[in-house]
There are 2 protein chains.
Amino acid sequence: MKIAVLGTGMVGEAIGTKLIETGHSVMMGSRTANNEKAAAFVAKHGKDKASAGTFAGAAAFGEIIFNCTKGIESINVLKSAGEKNLSNKILIDVSNPLDFSNGMPPTLAVCNSDSMAEEIQRAFPALKVVKSLNTMWCGIMVNPAMINGGDHNVFISGNDSDAKKQVAGILTGFGWTDKAIIDLGDLKTARGSEMLLPMWLSIMGTKNSGAFNFKVVS
Amino acid sequence: MKIAVLGTGMVGEAIGTKLIETGHSVMMGSRTANNEKAAAFVAKHGKDKASAGTFAGAAAFGEIIFNCTKGIESINVLKSAGEKNLSNKILIDVSNPLDFSNGMPPTLAVCNSDSMAEEIQRAFPALKVVKSLNTMWCGIMVNPAMINGGDHNVFISGNDSDAKKQVAGILTGFGWTDKAIIDLGDLKTARGSEMLLPMWLSIMGTKNSGAFNFKVVS
């Protein structure tokens, strides 16, 4: 598939690389078409599978769009991507609305009675927003077998069942087993996965490593 | 030890019972000294180990105090318990500030840049507040072996190291192994464990059961 990855940070790089390794074509989108990290990504993976463009160019290219930008910037990024380039497409929202402006620990710019994912969905009603992968370090997102033999969980939230099935398919490509994927329900449940971040950050602090994840046991 | 359990709901009943089973004396505190559930608790466990009283009576009795009241009522409960009865004691705060007044899903009455545990600590500076056990169903709190052979996690947050050690000792009595107990850090980290509730509620909805818990794997 043709997939857009918005954002050239660690998360975009990890997800873009895994998508190419699993047979997809990726356009990495950033504020400017000549972003250095995006150019390095294209040089590394080759021009037949990898390309770089603006947020709008990448969104136009992608049949599916990964939002790997910072949560607090995501609405503006998507505005610059252009509504017509997003229409009827699946947006996999990996972002978290972390706000570091008041020091450590960061707070969430939106939470409790709302979420980043719901904000995006309201701003772009023709998008099919699916929240996923935002509850872990990017190394684990694309290589779940790195810890505990892959036996831990990734969550999905969204209002469109077919979109969630397609996202589950992509997660399977990343190495997640069916039983590892927990469909929490509609997009309101993204509040829960985004509000997991303060706990994640505390545990990261105790371990001095992001190489961990949550497993629901019963 | 002499332990006060504030609150006569499912959580207070489960914790009070386990404390008695593990050799402690428990006074269950409620708004009135003649609460029916507290009376049933005393009748069940016998007057040599169990007693009932007002919040103030229980707090005066306890060397350690469990807050098993609803989060949104906890400050008022502790006010009626009386500052002098709380002074220099450990309060194990099991509460969550769930607010159902705006319908489902509930929101948190406090979160993000603050927590219920921190509110209590600010209101009663002479208390040693330790947040714990609030991230799971009460059946699991006192019987971790019920699921996954006891191999899952309970979190502790608090500003007083000695108080956290004592709480860890009580958790050990409840059946938690040393490696299952994760000290997240100071009381600010209670934000994370309280903000886990929306995720907990979503998972409970998918399972139709509270008999699950989170395990951190790495």
Side-chain angles (χ1 to χ4, degrees), chain A residues 97-99 102-115 135-137 140 144 146-153 155-157 180 182-186 188-218, chain B residues 97-99 102-115 135-137 140 144 146-153 155-157 180 182-186 188-218:
Chain A
L98 293 174
D99 177 359
N102 297 307
M104 295 297 288
T107 54
L108 299 176
V110 52
C111 69
N112 205 15
S113 58
D114 200 0
S115 62
T135 54
M136 68 195 79
W137 170 57
I140 310 283
M146 179 192 281
I147 56 167
N148 208 41
D151 189 14
H152 45 95
N153 293 111
F155 304 101
I156 292 185
S157 304
I182 297 181
D183 183 347
L184 294 173
D186 67 17
K188 274 186 186 173
T189 63
R191 297 172 194 178
S193 65
E194 294 179 10
M195 289 167 77
L196 199 58
L197 262 285
M199 172 66 88
W200 188 91
L201 289 164
S202 289
I203 295 172
M204 204 260 283
T206 67
K207 289 184 170 287
N208 247 322
S209 163
F212 70 88
N213 195 16
F214 298 97
K215 180 185 170 189
V216 178
V217 301
S218 56
Chain B
L98 292 173
D99 178 359
N102 297 306
M104 295 296 288
T107 53
L108 298 176
V110 54
C111 68
N112 203 15
S113 58
D114 200 1
S115 62
T135 55
M136 68 196 80
W137 170 58
I140 310 284
M146 179 192 280
I147 54 167
N148 207 43
D151 188 13
H152 45 95
N153 293 112
F155 305 102
I156 292 185
S157 304
I182 296 180
D183 183 347
L184 294 173
D186 67 16
K188 274 187 184 173
T189 64
R191 299 173 192 177
S193 66
E194 294 179 10
M195 288 167 78
L196 199 58
L197 261 284
M199 172 65 89
W200 188 91
L201 289 164
S202 288
I203 296 173
M204 206 260 284
T206 68
K207 290 185 169 284
N208 248 322
S209 164
F212 70 89
N213 196 17
F214 298 96
K215 181 186 170 189
V216 178
V217 299
S218 55

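Proteins get letters first, then strands, A, B, ... in listed order; numbering begins at 1 in each.
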Is B:K215 close to chain A through its backbone or its side chain, or both, or neither, when contacts mean heavy atoms under 4.5 Å?
both

Among B:G192, B:S218, B:P198, the residue with the most heavy-atom pairs under 4.5 Å to chain A is B:S218

Top contributor to chain B interface from A:L108, A:L196, A:I182, A:L201 [non-hydrogen pairs under 4.5 Å]:
A:L108

In terms of heavy-atom proximity below 4.5 Å to chain A, should B:P106 be classed as side chain, backbone, both, or neither?
neither

Which atoms of A:M204 approach chain B - backbone, side chain, both or neither, heavy atom under 4.5 Å
neither

Got a sec, which residues hit ring pair (Phe, Tyr, Trp, His ring centres under 6.0 Å) with A:F212, two or more places apart in sequence or on another chain?
A:W200

A:K188 to B:M104 - nearest heavy-atom pair and separation
NZ-O, 4.3 Å

Please find the pair of heavy atoms, one from A:L184 and one from B:T206, that lie closest to each other, and give the distance.
O-CG2, 3.9 Å

Under 4.5 Å heavy-atom distance to chain A, tell me which part of B:D151 shows up: side chain, backbone, both or neither.
backbone

Once rounded to the nearest 0.5 Å, what's the spacing between atom CE of B:M199 and atom CZ of A:F214?
8.5 Å

Highest number of heavy-atom pairs under 4.5 Å with chain A among B:N112, B:I147, B:T107, B:D183 belongs to B:N112

Cut-off 4.5 Å, heavy atoms of chain A, and the answer for B:S113 is both

